[in-house]
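Notes for the one structure printed next.
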Amino acid sequence: MDEQALLGLNPNADSDFRQRALAYFEQLKISPDAWQVCAEALAQRTYSDDHIKFFCFQVLEHQVKYKYSELTTVQQQLIRETLISWLQAQMLNPQAEKTFIRNKAAQVFALLFVTEYLTKWPKFFFDILSVVDLNPRGVDLYLRILMAIDSELVDRDVVHTSEAIYLLNTLIKDTMREQCIPNLVESWYQILQNYQYTNSEVTCQCLEVVGAYVSWIDLSLIANDRFINMLLGHMSIEVLREEACDCLFEIVNKGMDPVDKMKLVESLCQVLQSAGFFIIDQEEDVDFLARFSKLVNGMGQSLIVSWTKLIKNGDIKNAQEALQAIETKVALMLQLLIHEDDDISSNIIGFCYDYLHILKQLSVLSDQQKANVEAIMLAVMKKLTYDEEYNFENEGEDEAMFVEYRKQLKLLLDRLAQVSPELLLASVRRVFSSTLQNWQTTRFMEVEVAIRLLYMLAEALPVSHGAHFSGDVSKASALQDMMRTLVTSGVSSYQHTSVTLEFFETVVRYEKFFTVEPQHIPCVLMAFLDHRGLRHSSAKVRSRTAYLFSRFVKSLNKQMNPFIEDILNRIQDLLELSPPENGYQSLLSSDDQLFIYETAGVLIVNSEYPAERKQALMRNLLTPLMEKFKILLEKLMLAQDEERQASLADCLNHAVGFASRTSKAFSNKQTVKQCGCSEVYLDCLQTFLPALSCPLQKDILRSGVRTFLHRMIICLEEEVLPFIPSASEHMLKDCEAKDLQEFIPLINQITAKFKIQVSPFLQQMFMPLLHAIFEVLLRPAEENDQSAALEKQMLRRSYFAFLQTVTGSGMSEVIANQGAENVERVLVTVIQGAVEYPDPIAQKTCFIILSKLVELWGGKDGPVGFADFVYKHIVPACFLAPLKQTFDLADAQTVLALSECAVTLKTIHLKRGPECVQYLQQEYLPSLQVAPEIIQEFCQALQQPDAKVFKNYLKVFFQRARP
């Protein structure tokens with residue numbers, strides 16, 4: 001072996017050596033006999049370096065995995081012998097191999113087992129067991145090999161995609177069950193019995209193997225007195241009990257007859273209970289309790305599955321027994337659910353959830369069951385509470401886990417609401433009222449959870465469209481009561497961010513309350529606007545409040561009229577565009593300000609003011625932005641430093657974004673025109689458009705103005721048209737693929753919306769736009785520059801989408817009036833798009849364009865020469881594209897492209913009639929060497945009146961035509 005290259009295997013080697021080692025590995029993988037050198041090195045223990053041993057196993061692994069079938073019988077025998085002699089050497093080694101080498105060896109054994117067990121090595125396990133016997137080092141490797149085999153055959157995390165692999169694995173498992181599983185189980189029993197008191201590591205490994213195999217072997221081999229008693233014994237040995245717990249969990253989880261399962265679970269529980277495991281509060285080891293909780297959860301859910309099956313089978317007597325068994329576990333479940341460690345609690349939630357599902361199905365609940373529901377409810381309320389350690393300012397992994405855990409509890413609460421909505425409402429009301437009575441002297445986590453529970457009721461109690469305050473009188477009055485307490489108690493002043501946020505979330509969640517009791521709106525608005533909300537000391541609270549405030553105002557816009565001007569005055573300073581140089585740290589980020597601008601827009605547009613007043617208020621809102629914009633644009637033109645240019649451009653972009661956002665308030669009922677605001681927005685357009693000709697920071701400025709134009713096309717309608725030509729001219733100057741790609745949707749929007757009105761403009765800018773596109777597409781790029789290739793592909797798609805919009809909006813004269821040479825050039829690019837580029841999305845668009853043009857120009861009175869073009873180019877395109885190897889008929893997008901190709905051929909037949917059939921029959925299809933009977937069949941399918949029949953036929957036609 002190349003000793004120099006092997007030096008690079010050491011993790012501390014420098015990068016040159018490491019590169020050389022990688023190259024050497026690749027070389028050995030390809031070499032037909034290098035594996036023999038590695039096999040020999042392993043068998044004869046040539047190397048003592050761990051990384052070289054690992055490397056040798058990797059080379060063998062590659063050989064077994066990918067090249068085994070190429071080896072001779074003698075070579076295959078050599079690999080088997082190498083592994084067995086390596087295993088024998090491990091028995092005599094004074095020092096055990098490192099774990100990573102043992103695991104890699106086990107993987108190679110497992111791969112060889114899967115390959116050879118059914119054919120050449122049926123005695124695989126007997127050979128291994130005869131080598132390892134009960135030697136602890138050998139047993140360790142034997143157990144690792146078993147885990148690796150389980151991974152190969154039934155790995156729960158790996159989806160074995162191929163059907164062949166799945167069938168092979170099934171066959172191997174069936175053969176193992178017949179031939180060797182009882183012997184393997186016996187070996188496990190011997191290992192457990194031998195090592196349970198002397199070698200906890202091997203015992204735990206063996207328990208893990210039993211847990212893994214139990215899911216696919218005969219359960220009676222494990223679920224019998226001698227095995228179960230030993231496992232239960234392990235439950236009392238501290239170093240073994242976690243693995244024993246997991247092993248019992250796998251046994252309990254195995255599918256079996258419902259009555260047998262019930263008996264098994266009950267006998268387990270009896271032993272565990274008499275051994276004192278059900279007394280949770282005396283156990284201090286939380287890691288063990290988390291596993292135990294998972295086991296109890298498994299037992300509870302298994303009993304519930306049995307109950308469900310028995311009810312379904314009509315076995316009422318046994319179902320009653322199963323329910324009795326479930327009920328006796330509820331007290332234990334509650335102890336685990338309420339445990340202060342969230343992992344322990346989280347592991348039992350499944351049982352709890354399913355138990356509530358049973359109660360939901362029972363027509364009448366016993367007193368004990370009602371008490372259980374109440375106990376679960378109290379547990380959920382308690383466990384929802386934050387603990388002292390929760391870090392609100394800097395949330396890390398622990399906090400994220402608690403948020404996830406809270407989501408699980410929420411599911412329980414929703415299920416409780418289905419079982420007993422009245423009880424849930426009464427419990428929440430009790431907790432809420434007593435907490436809010438004394439909120440000043442109560443700890444923040446208790447105040448937060450009280451409000452949180454009210455918030456959660458909104459989803460737990462079913463209503464349509466948030467109508468919590470109508471319908472069921474007792475429910476409505478209870479919620480109304482709580483909401484009234486929330487907004488009048490003064491709790492919004494509580495000095496903790498979690499309480500403040502929960503207050504605002506709840507107020508917005510129950511916005512319908514304020515239509516019933518509008519007298520509370522002013523005090524809630526004040527909370528939003530002062531130091532409790534938008535001016536809070538925490539940026540997190542300010543940010544969330546900005547969003548919630550906009551939702552509150554939008555949902556209650558009918559009630560807002562008396563407060564509009566007051567709100568607009570109070571938010572004035574929050575609307576300030578904060579330019580980079582003033583060093584003033586504004587209260588809200590620019591993203592938060594977007595919500596405030598939108599809110600201002602909504603207040604003005606939905607007000608009951610006359611149009612002149614609305615216009616004046618909108619002008620007040622937008623004039624400061626326009627003035628700032630002009631000043632900042634001048635500064636940008638003069639700025640030298642690139643960082644300063646970028647921050648100025650950012651600020652300009654925010655100004656345009658804010659103006660855009662205000663326009664979201666308009667609707668079909670309240671248009672810009674009706675509100676008298678057209679002039680203000682036209683002024684904005686005039687102010688913003690000069691930014692398009694700024695040579696600095698083009699990308700960000702153009703992107704902002706383009707978005708504003710999109711909004712104005714919707715809002716201002718034809719009033720925007722005079723601005724489009726000059727805007728387009730600026731946007732087409734020295735542009736990149738991305739600029740064009742983003743500009744084309746703007747033109748598409750104008751074309752589709754205004755159609756004939758913009759025909760003169762489109763005719764004038766059609767060729768300049770195409771020249772800009774072609775110029776970018778023809779630019780040379782590096783051969784392997786993936787991003788440049790992708791940009792070109794996206795631009796090509798945009799170009800075809802533009803042609804599709806023009807032809808689809810009945811504007812084909814725009815193309816026709818470009819002069820014969822240009823028309824031909826455009827048509828040729830569409831043919832190329834349909835045939836040459838392997839991009840089914842673009843191909844589909846090209847066929848749609850061709851169908852449309854044939855429909856418009858393909859008749860007898862079409863443009864001169866177009867009929868020739870149909871036969872010379874369009875018809876061939878419909879065959880050449882699907883015949884390409886890259887046209888993948890198994891791909892959904894490609895099938896859509898083929899469907900449009902069929903539409904194109906049908907349209908040609910529709911417009912040209914028998915002449916088209918004659919051309920296909922006598923000229924074109926014979927030129928492709930299609931057999932006469934297939935030509936006949938094709939033409940008959942084409943003439944079918946049902947287009948779907950032809951689409952289906954065309955797919956089959958090309959599938960047959962493929963080599």
Side-chain angles (χ1 to χ4, degrees), residues 39 42-43 45 50-51 53-62 64-65 79-80 82-117 121 123-158 169 172-173 176 180-181 183-192 194-196 198-217 239-240 242-244 246-247 250:
L42 285 169
R45 293 184 285 166
D50 293 333
H51 299 290
K53 293 181 207 168
F54 186 78
F55 178 77
C56 291
F57 272 120
Q58 277 185 302
V59 174
L60 272 189
E61 178 184 32
H62 186 266
V64 175
K65 207 169 187 175
I79 290 188
R80 288 198 289 278
T82 299
L83 288 176
I84 289 293
S85 57
W86 178 84
L87 190 59
Q88 284 164 334
Q90 301 313 302
M91 305 300 108
L92 310 167
N93 248 3
Q95 196 71 40
E97 293 285 11
K98 294 269 178 18
T99 308
F100 69 94
I101 295 173
R102 285 181 273 159
N103 285 340
K104 180 53 73 181
Q107 278 177 332
V108 178
F109 270 103
L111 285 170
L112 197 58
F113 167 80
V114 170
T115 314
E116 298 242 289
Y117 177 62
W121 202 357
K123 290 201 158 8
F124 177 89
F125 291 109
F126 299 101
D127 290 352
I128 286 178
L129 280 168
S130 65
V131 173
V132 303
D133 194 29
L134 277 173
N135 175 317
R137 207 163 290 162
V139 169
D140 170 273
L141 282 159
Y142 164 61
L143 295 171
R144 284 177 200 275
I145 291 166
L146 284 170
M147 284 310 288
I149 287 171
D150 177 72
S151 251
E152 284 295 320
L153 297 180
V154 288
D155 197 327
R156 293 112 187 119
D157 302 323
V158 177
N169 289 347
I172 291 174
K173 284 187 289 187
M176 283 176 72
C180 66
I181 288 293
N183 301 72
L184 295 185
V185 172
E186 187 53 42
S187 75
W188 302 338
Y189 184 76
Q190 297 304 330
I191 291 167
L192 291 172
N194 257 300
Y195 289 113
Q196 56 187 340
T198 56
N199 189 330
S200 61
E201 198 175 329
V202 162
T203 310
C204 285
Q205 263 178 287
C206 191
L207 288 170
E208 195 183 346
V209 167
V210 175
Y213 278 70
V214 91
S215 70
W216 58 273
I217 66 174
V239 283
L240 304 180
E242 288 183 25
E243 278 304 336
D246 284 353
C247 192
E250 293 300 338

**Report entry** Distance, nearest 0.5 Å, that separates CZ of Phe113 from CD1 of Ile172
**Finding:** 5.5 Å
Query raised in the report: Out of curiosity, Glu152 CD to Asp150 CG, how far, rounded to the nearest 0.5 Å?
Result: 10.0 Å
Requested in this report: Could you please spell out the steps behind the side chain to side chain contact (heavy atoms under 4.5 Å, CB included) verdict for Phe109 and Ile149?
Outcome: CA-CA 8 Å; Phe109 270 103; Ile149 287 171; over 6 Å; no
Query raised in the report: Can Asp140 and Arg137 be counted as an ion pair, charged N to O under 4.0 angstrom?
Result: no
Report task. Would you check if Asn93 and Gln95 make a side-chain contact, meaning some heavy-atom pair closer than 4.5 Å? Result -> no
Report task. Answer whether the closest heavy-atom distance between the side chains of Val154 and Asn169 falls below 4.5 Å. Result -> no
**Report entry** Residue pair Val131, Ile84: steps toward the side chain to side chain contact (heavy atoms under 4.5 Å, CB included) verdict
**Finding:** CA-CA 8 Å; Val131 173; Ile84 289 293; 4.2 Å; yes
Query raised in the report: Do Glu208 and Asp246 have side-chain heavy atoms sitting under 4.5 Å apart?
Result: no
**Report entry** Audit row: Asn183, Phe125, side chain to side chain contact (heavy atoms under 4.5 Å, CB included) steps and yes/no
**Finding:** CA-CA 9 Å; Asn183 301 72; Phe125 291 109; over 6 Å; no
Query - Heavy-atom pair with the smallest gap, counting every atom of Ala39 and Thr82 - result: O-CG2, 3.2 Å
Query - Heavy-atom closest pair, residues Ser85 and Ala43 - result: OG-CB, 3.7 Å
Requested in this report: Over 60° means perpendicular and under 30° means parallel, so classify the ring planes of Trp86 and Phe57, tilted if in between.
Outcome: perpendicular
Report task. For Tyr142 and Ser187, test the side chains for any donor-to-acceptor distance below 3.5 angstrom and give the result as yes or no. Result -> yes
Query raised in the report: Hey, are the side chains of Ile191 and Val202 touching, using non-hydrogen atoms and a 4.5 Å cut-off?
Result: yes
Query raised in the report: Are any of the side-chain heavy atoms of Gln58 and Val108 separated by less than 4.5 Å?
Result: no
Report summary line: Here the gap from Leu111 atom CG to Ile79 atom CD1, rounded to the nearest 0.5 Å, amounts to 11.0 Å
Query raised in the report: Can you name the closest pair of heavy atoms from Leu207 and Ala244 and give their distance?
Result: CD1-N, 3.8 Å
Query - Beyond-backbone contact of Leu141 with Ile128, side-chain heavy atoms, under 4.5 angstrom - result: no
Requested in this report: Please work out whether the ring planes of Trp216 and Tyr213 are parallel, tilted or perpendicular, with thresholds of 30° and 60°.
Outcome: tilted
Query raised in the report: Is the backbone N or O of Tyr195 less than 3.5 Å from a side-chain atom of Thr203, with the two atoms forming a donor-acceptor pair by type?
Result: yes
Query raised in the report: Would you say Leu184 and Met176 make side-chain contact, with heavy atoms under 4.5 Å?
Result: yes
Query raised in the report: For Thr198, what residues pass the side-chain hydrogen bond (donor to acceptor under 3.5 Å, both in side chains) criterion, not counting sequence neighbours?
Result: none
**Report entry** Gln205-Glu201 side chain donor-acceptor pair, cut-off 3.5 Å
**Finding:** no
**Report entry** Rounded distance [0.5 Å steps], CD in Gln107 versus NZ in Lys104
**Finding:** 4.0 Å
Requested in this report: May I ask you to check whether Trp121 and Phe126 place their ring centres under 6.0 Å from each other?
Outcome: no
Requested in this report: Measure the spacing between SG of Cys206 and CG of Leu192 and express it to the nearest 0.5 Å.
Outcome: 4.0 Å
Report task. Show your working on side chain to side chain contact (heavy atoms under 4.5 Å, CB included) between Ile217 and Lys173 and close with a plain yes or no. Result -> CA-CA 8 Å; Ile217 66 174; Lys173 284 187 289 187; over 6 Å; no
Requested in this report: Assert yes or no for the condition that the ring centre distance of Phe124 to Tyr117 is strictly below 6.0 Å.
Outcome: no
Query raised in the report: Would you say the side chain of Lys123 lies within less than 4.5 Å of the side chain of Asp127, judging by non-hydrogen atoms?
Result: yes
Report summary line: Nearest heavy-atom approach of Trp188 to Leu146 is NE1-CD1, 3.3 Å
**Report entry** Minimum heavy-atom distance Gly138-Met91, with the two atoms named
**Finding:** CA-CE, 3.2 Å
Query raised in the report: What is the distance from atom CG of Leu129 to atom SG of Cys180, rounded to the nearest 0.5 Å?
Result: 9.5 Å
Query raised in the report: Is there a donor-acceptor contact under 3.5 Å from the side chain of Arg102 to the main chain of Arg144?
Result: no
